[in-house]
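Have a look at the structure below before the remarks.
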Amino acid sequence: MSNEVEIGRGKRGRRAYSLDDVAIVPSRRTRDPEDVAVSWQIDAYHVETPIMGAPMDSSMSPATAIELGRLGGIGVLNLEGLWTRYEDPTEQFAEIAALEGERVTLRMQEIYSEPVKPELISARLAEIRAAGVTVAGALSPQRTQEFWRTVVEAGVDLFVIRGTTVSAEHVSSNREPLNLKRFIYELDVPVIVGGAATYTAALHLMRTGAAGVLVGFGGGAAYTTRQALGIHVPMATAVADVAAARRDYLDESGGRYVHVIADGSVSRSGDLVKAVACGADAVMMGAALARAAEAPGGGYHWGVEAHHPVLPRGERVNVGTVGTLEEILHGPSQSADGTTNMVGALRRAMATTGYSDVKEFQRVDVIVSPYAPH
């Protein structure tokens, strides 16, 4: 059965679904939440929860990356952010939080025009390494050529190459593009790369040797990619498509498993649960962690697209503060809106549907059930 619809006589489009459009179906078996395992392993790194902190200045500082690591996740530091441009960015964070009206984007562009300093990349990563947690840092594809040696020499466990969209085959007439396949092959560090939102794009990224693929394009609370570029792929469909690429690549490669990480549109515990149900091995959270009392954004949230020097495709949004990082991940929860005790909610959903680990839970039945939140 085709899920294509006719837009007009000359154009057809595929029907796609967001995480809000799907729901999980309980099965005949239930379990105790205590009997459910939510741990995750990528390459040599075992973590207690399938949660990564998105490399966004508003949620991830060296301190919050360390705290997230202690709480059983992996914090990914943005290596092109304020922490690698300023020795002490406290003043810049305070100014961004205080900005009002039309000046927000312009002033953020000015603040982020300060150059990235290689010595600060090294210092920030060394700080995280000294805490004894998994060290992960992110660069955009455009900056990877320039700074990858600094990053690797500083000692990362996981290298994240993250952009709005990342392809295995970037074409440029005016500069030598990053050859992902050669780059990953020559690197001694596992690489997570994305975003990708289609089966084909993900399969090509998997063939570069990436350890994980980030799934997402145009989603997330702080992005305006759909309004600015007209580009957007709903997350439930994107994750399911990329999970199919993972399965086919597993056969093609003779058993090489590439992790699928949902990146964007995972703001509440129900989103985390449904992303895993659609096939994600883990999720990358931005807004959800920007709501932490320790988050450097002080209740505000923004991504790198918000201060793009030529074409901003994001904005600073007020997400508020709901609790500590520990309460957001592990509770106890004081509210029923899915913003706290993310891991507890995942455990309960898995227990209610009878699954004992995250890998198994990817097989849970889902239904399409469009939902309009109040």
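Below, each value reflects all heavy atoms present in this structure, side chains not excepted, and no hydrogens, waters or symmetry copies.
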Flag the pair [X] / [Y] as yes when at least one side-chain heavy-atom distance between them is below 4.5 Å, and no otherwise.
X      : Y      : answer
Val366 : Val25  : no
Val151 : Leu139 : yes
Val189 : Leu158 : no
Tyr249 : Val258 : yes
Leu187 : Tyr185 : no
Leu214 : Val160 : yes
Phe159 : Ile192 : no
Ile96  : Val104 : no

Ring centroid separation His259 to Trp40 under 6.0 Å =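 Yes, the ring of His259 comes within the 6.0 Å limit of the ring of Trp40, centre to centre.
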request  = Assess the pair Trp302 and Tyr112: is the distance between their ring centroids shorter than 6.0 Å?
outcome  =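 No, the ring centres sit 6.0 Å or more apart.
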Could you tell me whether the side chain of [X] and the main chain of [Y] form a donor-acceptor pair under 3.5 Å?
X      : Y      : result
Tyr355 : Thr30  : no
Asp43  : Tyr45  : no
Asp251 : Asp248 : no
Ser356 : Val36  : no
His301 : Ala287 : yes
Arg347 : Ala37  : no
Glu294 : Leu325 : yes
Asp281 : Val260 : yes
Ser369 : Ala23  : no
Thr64  : Ser61  : yes

request  = Please assess Tyr199 against Val242 for the test side-chain contact (heavy atoms from CB on, under 4.5 Å), listing each intermediate value before the final yes or no.
outcome  = CA-CA 5 Å; Tyr199 172 93; Val242 175; over 6 Å; no
Is any side-chain N of the basic residue among [X] and [Y] closer than 4.0 Å to the acidic one's carboxylate O?
X      : Y     : answer
Asp241 : Arg14 : yes
Arg107 : Glu95 : yes
Glu6   : Lys11 : no

Single-linkage hydrophobic cluster [X]~[Y], side-chain heavy atoms < 4.5 angstrom:
X      : Y      : result
Val38  : Met52  : no
Val322 : Met342 : yes
Ile328 : Val283 : yes
Leu120 : Phe147 : no
Val156 : Trp83  : yes

Distance from [X] atom [atom1] to [Y] atom [atom2], nearest 0.5 Å?
X      : Y      : atom1 : atom2 : value
Ser335 : Glu327 : OG    : CD    : 10.0 Å
Ile74  : Met60  : CD1   : CE    : 11.5 Å
Glu315 : Tyr300 : CD    : OH    : 12.5 Å
Arg85  : Glu114 : CZ    : CD    : 8.5 Å
Ile51  : Ile261 : CD1   : CD1   : 12.5 Å
Asn78  : Thr84  : CG    : OG1   : 6.5 Å

query = How far apart are the C-alpha atoms of Arg12 and Val5, what are their side-chain angles, what is the distance that settles it, and do they pass the side-chain contact (heavy atoms from CB on, under 4.5 Å) test?
reply = CA-CA 6 Å; Arg12 296 181 70 83; Val5 295; over 6 Å; no
Check the surroundings of atom [atom1] in [X]: do more than 12 heavy atoms from other residues, nucleotides or ligands lie under 6.0 Å from it?
X      : atom1 : value
Glu91  : CD    : no
Arg29  : CZ    : no
Arg207 : CZ    : yes

Ignoring hydrogens, what is the shortest heavy-atom contact between [X] and [Y]? Give both atom names and the distance.
X      : Y      : value
Ser59  : Ala54  : OG-O, 3.8 Å
Met285 : Ala288 : SD-CB, 3.9 Å
Val193 : Ala210 : CG1-CB, 3.5 Å
Val22  : Cys278 : CG2-SG, 4.4 Å
His330 : Leu71  : NE2-O, 2.7 Å
Lys274 : Ile24  : CG-CD1, 4.0 Å

task = Could you label the plane-to-plane angle of the Trp148 and Phe183 rings as parallel, tilted or perpendicular, counting under 30° as parallel and over 60° as perpendicular?
result =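 Perpendicular: the ring planes of Trp148 and Phe183 meet at over 60°.
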ask   = Step by step, would you call Arg70 with Glu67 a side-chain contact (heavy atoms from CB on, under 4.5 Å)?
value = CA-CA 5 Å; Arg70 287 181 178 144; Glu67 180 67 1; 4.2 Å; yes
key: Intermediate values then yes/no, salt bridge (Lys or Arg N to Asp or Glu O under 4.0 Å), Glu34 and Arg31   = CA-CA 8 Å; Glu34 290 74 32; Arg31 292 181 186 274; over 6 Å; no
inquiry  = Which residue in the set Thr321, Thr339, Thr340 passes side-chain contact (heavy atoms from CB on, under 4.5 Å) when paired with Arg291?
reply    =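 Option passing the side-chain contact (heavy atoms from CB on, under 4.5 Å) with Arg291: Thr339.
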ask   = Between Glu80 and Ser140, do the side chains contain an N or O donor and an N or O acceptor separated by less than 3.5 Å?
value =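 Per modelled atom types, Glu80 and Ser140 side chains form a pair under 3.5 Å.
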task = Consider only side-chain N and O atoms of Asp20 and Ser18, and report whether a donor and an acceptor are under 3.5 Å apart.
result =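 The criterion, which ignores hydrogens and geometry beyond distance, is not satisfied for Ser18 and Asp20.
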Full working for side-chain contact (heavy atoms from CB on, under 4.5 Å) between Asp263 and Arg162 = CA-CA 10 Å; Asp263 179 12; Arg162 183 181 189 254; 2.8 Å; yes
